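See structure below.
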Amino acid sequence: QVQLVESGGGLVPSGGSLRLSCVASGRTLDIYYMGWFRQAPGKEREFVSHITWGAGYTSYVDSVKGRFTVFRDKPKNTVFLQMNSLKPEDTGVYYCAVSRRFSGLGEGYEYWGQGTQVTVSS
């Protein structure tokens, strides 16, 4: 089991920045990917970004490339999502999640945090 707790959401104006954090506990040695997902009102949850826990390789959905950066602090079992140049369409509940195996982009995630709300005003 892996437990995840997100923090850092809030209300920001368009063009602003936020940094989300996600602390993992439990069987953290089993982590392969730590990912970020988001769900906008009335829409399905979508993959945003991930980082491989070991080597630190990253991937992003096209809509956030160049604006969002995912990075980790392994000793603190924490992953971050730095979000810059935020747009109203970035609004949603952001979730961090853990996959314990190599898989397709956005697939194979078994453990989820409770989510943190990000609202970008126009």
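Because the structure is predicted, anything quoted here is derived from the model rather than measured.
Counting heavy atoms of neighbouring residues, nucleotides and ligands inside a 6.0 Å radius, atom CD of Gln114 exceeds 12 of them.
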### Task
May I have the step-by-step check of salt bridge (Lys or Arg N to Asp or Glu O under 4.0 Å) for Lys87 and Asp90, ending in yes or no?
CA-CA 5 Å; Lys87 304 175 181 180; Asp90 294 317; over 6 Å; no
### Query
Can Gln117 and Thr119 be said to form a side-chain hydrogen bond (donor to acceptor under 3.5 Å, both in side chains), step by step?
CA-CA 6 Å; Gln117 176 71 44; Thr119 303; 3.3 Å; yes
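Phe80 and Ile31 fall into different hydrophobic clusters, where Ile, Leu, Val, Met, Phe, Trp and Tyr side chains are chained together by heavy-atom contacts under 4.5 Å.
When all heavy atoms are compared, the tightest approach of Leu105 to Ser59 is CD1-CB, 3.8 Å. When all heavy atoms of Leu20 and Trp36 are compared, the closest pair comes out as CB-CH2, 3.6 Å. Ala24 and Val2 make their closest contact through CB-CG1, 4.2 Å (heavy atoms, listed as atom of the first residue, atom of the second, distance). Minimum heavy-atom separation, Leu81 to Ser49: CD1-CB, 4.3 Å. Nearest heavy atom pair, residue Pro88 against residue Ser122, reads CG-CB, 3.8 Å. Between Val64 and Val48, the shortest heavy-atom distance links the atoms CG2-O, 4.0 Å.
Using cut-offs of 30° and 60° for the angle between ring planes, the Phe68 and Tyr94 rings count as tilted.
In this structure, Gln82 contributes its side chain and Thr69 its backbone to no donor-acceptor pair below 3.5 Å. For Arg67 (side chain) and Ser85 (main-chain N/O), a donor-acceptor pair under 3.5 Å exists by modelled atom type.
Side chain to side chain, Asn84 and Ser17 meet the donor-acceptor criterion of an N or O pair below 3.5 Å.
The distance between the ring centers of Phe37 and Tyr95 does not fall below 6.0 angstrom.
Figure legend: Arg45 and Trp112 shown as a cation-pi pair, the cationic atom lying under 6.0 angstrom from the six-membered ring centre and within 45 degrees of its axis.
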